[in-house]
J.: 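Submitted below is the structure of interest, expressed as structure tokens.
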Amino acid sequence: MASLESFKAPTLVSKKTQKEIQKDDDEDDVLIDANAVPSSTSADADMEDAEDKPNFAPASAVEEKKVTKGSRKIPIPPHRMSPLKRHWLEIYSPLVEHMKLQVRMNVKTKSVELKTSNLTEDDGALQKGADFVKAFALGFEVEDAMALLRLDDIYLDTFEIKDVKTLHGDHLSRAIGRIAGRDGKTKFTIENASKTRIVLADTKIHILGSFQNIKIARDAVVSLILGSPPGKVYATLRTISARMKERF
């Protein structure tokens, strides 16, 4: 019996030892990974890549203020030439002093010519100046058109009565009368409620204001063209103006 036990013991010990050895080998395989351990060669490669990256100098102030050169020519209707000459100093001053543009009134071609100069700082000065002169040519006052130079969210919208509904003769005249009202009362009410400016030029309607306010004024004018009574339009405008006051 003693010889049998002594024969089995080494067999058990040898099996256990073999399992432990295999387990240790597996752990070594998991822990030792050539890719996971950082090497000096990979660190040197990262340093070389960092050195190879381009290093740009900061942009100079002259390049940031670079303005695209250009010119604009705005035609002036014949019936607006006299007001243009009368208010030329008021139109000329903000374009030259604030927008830094070169301005010229060409009497022969009945137009106003704008051009950028070396002192122009704003890249959108030429477009703002052209919109300002165009608004005055359409019939807006100089003070109202000045908003196009000072504010960025002011736009000019134009449409005709025939775009809404085809009218002729007395029907067209009555539609224009409904928009204007007695002594311009209806037009002034729409302007004050929607915070816009409206110009009635025969069958064309020009609206100056922000995007949302133009939509409010245009909806009111369209309702009058379609035949809505002024009282109903006033009620709608009162509701809208009350909502606008609550927002602000």
Side-chain angles (χ1 to χ4, degrees), residues 74-91 94 110 112 128 130-151 153-248:
I74 300 94
I76 306 297
H79 68 281
R80 294 295 293 173
M81 285 299 296
S82 296
L84 180 67
K85 295 176 182 178
R86 189 165 55 251
H87 298 282
W88 177 245
L89 186 61
E90 301 174 19
I91 297 171
K110 294 182 180 179
V112 175
K128 290 180 180 179
D131 293 339
F132 167 64
V133 177
K134 183 181 177 181
F136 180 81
L138 292 176
F140 291 97
E141 297 292 335
V142 180
E143 293 79 7
D144 298 333
M146 199 83 70
L148 291 166
L149 298 178
R150 297 178 177 176
L151 303 175
D153 58 344
I154 301 297
Y155 305 97
L156 186 62
D157 187 19
T158 302
F159 65 96
E160 295 188 29
I161 294 177
K162 67 179 182 180
D163 296 336
V164 180
K165 187 177 182 181
T166 305
L167 299 173
H168 300 284
D170 294 339
H171 298 286
L172 180 61
S173 302
R174 281 193 291 268
I176 297 173
R178 282 196 300 272
I179 297 171
R182 180 176 292 180
D183 297 331
K185 178 183 176 182
T186 305
K187 184 174 77 74
F188 293 148
T189 303
I190 296 174
E191 287 179 346
N192 294 331
S194 60
K195 297 180 181 179
T196 57
R197 289 295 179 266
I198 300 174
V199 169
L200 297 176
D202 197 13
T203 60
K204 291 185 178 181
I205 300 160
H206 311 290
I207 305 175
L208 178 69
S210 63
F211 183 79
Q212 294 180 349
N213 295 342
I214 286 176
K215 184 180 183 303
I216 295 171
R218 187 172 62 242
D219 291 343
V221 172
V222 168
S223 299
L224 292 171
I225 293 173
L226 294 176
S228 297
K232 186 176 181 180
V233 176
Y234 291 161
T236 305
L237 290 174
R238 277 195 295 269
T239 305
I240 293 173
S241 60
R243 290 178 182 175
M244 292 175 66
K245 289 180 181 178
E246 290 177 358
R247 289 179 184 176
F248 297 103

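Residue numbers count from 1 along this sequence. All values derive from a computational prediction rather than experimental measurement.
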J.: Please tabulate, one pair per line, all N/O donor-acceptor pairs under 3.5 Å involving side-chain atoms of residues 168-184, not counting sequence neighbours.
T.:
{"residue": "His171", "atom": "ND1", "partner": "Arg174", "partner atom": "NH2", "Å": "3.1"}
{"residue": "Ser173", "atom": "OG", "partner": "Gly169", "partner atom": "O", "Å": "3.3"}
{"residue": "Arg178", "atom": "NE", "partner": "Leu224", "partner atom": "O", "Å": "2.7"}
{"residue": "Arg178", "atom": "NH2", "partner": "Leu224", "partner atom": "O", "Å": "3.1"}
{"residue": "Arg178", "atom": "NH2", "partner": "Ile225", "partner atom": "O", "Å": "3.3"}

J.: Would you compute the distance between atom CZ of Arg150 and atom NZ of Lys128 and round it to the nearest 0.5 angstrom?
T.: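 Here the rounded value is 12.5 Å.
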
J.: For Ala137 versus Arg80, what's the shortest heavy-atom pair and its separation?
T.: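 Looking at all heavy atoms of both residues, the closest pair is O-CG, 3.2 Å.
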
J.: Could you pull out the closest heavy-atom pair between Ala220 and Leu237, with the gap in Å?
T.: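 So the two residues come closest at CB-CD2, 4.1 Å.
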
J.: Who pairs with Lys215 by salt bridge (Lys or Arg N to Asp or Glu O under 4.0 Å), at least two apart in sequence or on another chain?
T.: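 For Lys215, the residues satisfying salt bridge (Lys or Arg N to Asp or Glu O under 4.0 Å) (neighbours in sequence not counted) are Asp219.
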
J.: Pair Ile76, Val133 - check side chain to side chain contact (heavy atoms under 4.5 Å, CB included), show working.
T.: CA-CA 9 Å; Ile76 306 297; Val133 177; 4.1 Å; yes

J.: Output every pair passing side chain to side chain donor-acceptor pair (under 3.5 Å) with a member in residues 222-234, not counting sequence neighbours, ordered by first then second residue.
T.: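 Side chain to side chain donor-acceptor pair (under 3.5 Å) check on residues 222-234 returns Thr186-Tyr234.
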
J.: Which pair of heavy atoms, one from Ile214 and one from Gly209, lies closest together, and at what distance?
T.: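 Closest heavy-atom pair between Ile214 and Gly209: CD1-O, 3.3 Å.
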
J.: Can you name the residues that form a salt bridge (Lys or Arg N to Asp or Glu O under 4.0 Å) with Lys134, not counting sequence neighbours?
T.: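 Per chain and number, Lys134 pairs via salt bridge (Lys or Arg N to Asp or Glu O under 4.0 Å) with no residue.
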
J.: Could I get the full list of salt bridge (Lys or Arg N to Asp or Glu O under 4.0 Å) partners for Arg197, not counting sequence neighbours?
T.: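 Arg197 satisfies salt bridge (Lys or Arg N to Asp or Glu O under 4.0 Å) with Asp144 once adjacent residues are dropped.
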
J.: Where is the tightest heavy-atom contact between Phe132 and Ala145, given as atom of each residue plus distance?
T.: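 Reported closest heavy-atom pair: CD1-O, 3.3 Å.
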
J.: Can you measure from CD1 (Ile190) to CG (Asn213) and round to the nearest 0.5 angstrom?
T.: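 Answer for the CD1-CG pair, Ile190 versus Asn213, is 13.0 Å.
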
J.: With sequence neighbours excluded, tell me which residues meet salt bridge (Lys or Arg N to Asp or Glu O under 4.0 Å) with Asp163.
T.: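 Listed in chain order: nothing, the list is empty.
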
J.: Determine whether Phe136 and Val142 make a side-chain contact, defined as any pair of heavy atoms from C-beta on separated by less than 4.5 Å.
T.: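 With C-beta onward as the side chain, the pair touches.
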
J.: Does a side-chain heavy-atom distance below 4.5 Å link Ile207 with Arg218?
T.: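 Yes, at least one pair of side-chain atoms sits under 4.5 Å.
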
J.: Atom CG of Leu208 and atom NE2 of His206: how far apart are they, to the nearest 0.5 Å?
T.: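 That separation rounds to 11.5 Å.
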
J.: What pair of heavy atoms forms the shortest contact from Pro77 to Pro75, and how long is it?
T.: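 Reported closest heavy-atom pair: CD-O, 4.0 Å.
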
J.: Return the CE to CD1 distance between Met146 and Ile91, rounded to the nearest 0.5 Å.
T.: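 Met146 atom CE to Ile91 atom CD1 measures 8.5 Å (nearest 0.5 Å).
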
J.: Would you give the length of the straight line joining atom NZ of Lys165 to atom CG of Leu226, rounded to the nearest 0.5 angstrom?
T.: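 One finds 6.5 Å between NZ of Lys165 and CG of Leu226.
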
J.: Glu191 side chain to Ile198 main-chain N or O, any donor-acceptor pair under 3.5 Å?
T.: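 Yes, because the side chain of Glu191 sits within donor-acceptor range (under 3.5 Å) of the backbone of Ile198.
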
J.: Starting at NZ of Lys110, measure out to CG of Leu84 and round the result to the nearest 0.5 Å.
T.: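 One finds 12.0 Å between NZ of Lys110 and CG of Leu84.
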
J.: Counting neighbours of CD on Gln212 that are heavy atoms of other residues, nucleotides or ligands and sit closer than 6.0 Å, is the number greater than 12?
T.: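 No - once you tally the heavy atoms of other residues, nucleotides and ligands closer than 6.0 Å, there are 12 at most.
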
J.: What's the shortest heavy-atom distance between Leu156 and Phe140, and which atoms?
T.: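 Looks like CD1-CE1, 3.4 Å.
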
